[in-house]
Amino acid sequence: MVAYKSKVVERIRLPSREQRSRALEEAGYNAFNLSADNVFIDLLTDSGTGAMSDDQWAALLRGDESYAGSASFDRLESAVADVMGFEHVVPTHQGRGAENVLYGTLLSEGDVALNNTHFDTTRAHVSNQGADPVDCPVSGAHNPETDEPFKGNFSLEEARAVVDEVGPERVPLVILTITNNSAAGQPVSVANTRRVRAFADEIDATFVIDACRFAENAYFVTRREDEFADATVAEVAREQLGHADALVMSGKKDGLVNVGGFVATDDESLFERCKQRAILYEGFPTYGGMAGRDVAAMAVGLREAVEESYVEDRVEQVREFGAMLEEIGLPVYTPTSGHAVYIDAGATFPEIPPDEFPGQALVCELYREGGVRGVELGSFAFPETDRPELVRLAVPRRTYHREHFDHVVETAEAVLEKRDEVSGLEIVSNPAVPELRHFSAALEPLSAEPATVTDTNTD
Ligand SMILES: *Cc1c(COP(=O)(O)O)cnc(C)c1O
């Protein structure tokens, strides 16, 4: 059930088909190079793209910009204590800043970090310490079809195999990412969290939860884990997070703000060490690279994130969007995550081989047909891995409504109708850093663009 009405609105505009074709060409067939002004429905990411509440805007005006001892920091501290159950907080400019502070403190050259799946920036920060990031997903995690409730879980079996091989002394850190962003945003059960806690104790490792989507994860637990059928999202969040020694958090996800992040812990010594590193990279530990007003808005956002009406509306909106796309015959990853719908583009365009990027072809056609922007997470973004050819349509929080999703579904239907005419793409210019090529590479379609017959989407 919808939990909001509008108080402020932002105009959006669908460029004509001709303008969209031109914009696509000028962007080198790479959605990251499109100007947002030319995008009608922007599903590139749910990170920092949501709408703040009137309470958050009010808090913003009351933000305290004191360099040290800011009252906004006190509000953040008490929100983190109430919502997440941790006493100490080190604010940072966003999630990766928190990763730098925490993983830079916990890891040294030659260490191994275990994670259900390292998110891109997590993997980069672990590697940046000279440590080795090893993923331990459960076996069904990358299967888009099985209907398991907790495909985001951490595989203790995989983790034990790694520890047997390298020895427990080389594994000082175990991370659990909830929800498991790089495994199609699938949730992690509380039962699995307890087992990971016990495992970390066995090998004497620090147990960190990457809590970016902790509220969405808690909602799934209330619906799918029998023990918590009568619990509130707020209760589950505290129970699940309470097993960790420390949290890393991006405020741009379940902090419901446009920028921000933090580390939280109850461990005094870890807190002191994190503060020292935070001063070096982020700022004095009561603002940590954020404006005081942004700290204040994040304090309010954290409390709103665990309100039942918010999180139910959020996750059910994404689920309904996924169901609508499935209904028109798109191969959608199931079950749907709490923040995005993932489409198997390899199955959508079976004639386009992986090295001609079926996912990127789908991204381009969704934009050309309806000004909809998604992102490719297959062979173009992750060369030399054998991931499925996924396209992600991420849903910004509290931003779009039923009519917007109707438009996306109509657009996808139009793409499906002409699927035989869609061609693959080739890369025509590559950036210097190959791992980041999907952000800036330019492509070209392999055959002439399909002739446009009817135009249902011009304004
Ligand atoms: C977004 C994200 C991060 C990094 O946070 P930023 O705010 O983008 O720097 C880390 N881990 C996970 C799981 C994320 O989704």
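We count ligands from 1, going down the list as the structure has it; atoms in each ligand are counted the same way.
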Residue Arg96 vicinity, atoms of ligand 1 by number, heavy atom under 4.0 Å: 4 (C), 5 (O), 6 (P), 8 (O), 9 (O)

Pair Asp55 + Arg303: basic N to acidic O under 4.0 Å: no

For Arg213, atoms of ligand 1 separated by under 4.0 Å from a heavy atom: 15 (O)

Geometric N/O contact Gly260 with ligand 1, under 3.5 angstrom: no

Polar atom proximity, Thr121 to ligand 1 (N or O, under 3.5 Å): no

Atoms in ligand 1 with a heavy atom of Lys253 nearer than 4.0 Å: 1 (C), 2 (C), 3 (C), 5 (O), 14 (C), 15 (O)

Gln94 N/O to ligand 1 N/O under 3.5 Å: yes

Nearest-0.5 Å distance that lies between atom CG in Asp294 and atom CD in Gln56: 10.5 Å

Any N/O pair Asn181/ligand 1 closer than 3.5 Å: yes

Element-labelled atoms of ligand 1 that are located less than 4.0 Å from some non-hydrogen atom of Thr177: 13 (C)

Parallel, tilted or perpendicular: rings of Phe32 and Phe439 (30°, 60°): perpendicular

Cation-pi check, Lys151 onto Tyr342 ring (under 6.0 Å, within 45° of axis): no

Qualifying residue for side chain to side chain donor-acceptor pair (under 3.5 Å) with Thr121, from Gln94, Arg96, Glu99: Glu99

Shortest protein contact, atom 11 (N) of ligand 1 (heavy atom only): Asp210 OD2, 2.7 Å

Which of the ligand 1 atoms, numbered from 1, are nearer than 4.0 Å to a heavy atom of Ser250: 5 (O), 6 (P), 7 (O)

Donor-acceptor pair, side chain of Glu389 and main chain of Phe357, under 3.5 angstrom: no

Part of Lys252 with heavy atoms under 4.0 Å of ligand 1, whether side chain, backbone, both or neither: side chain

Any Cys212 heavy atom less than 4.0 Å from ligand 1: yes

Salt bridge Asp254-Arg397, side-chain N to carboxylate O under 4.0 Å: yes

Arg402 bridged to Glu320 by N-O distance under 4.0 Å: yes

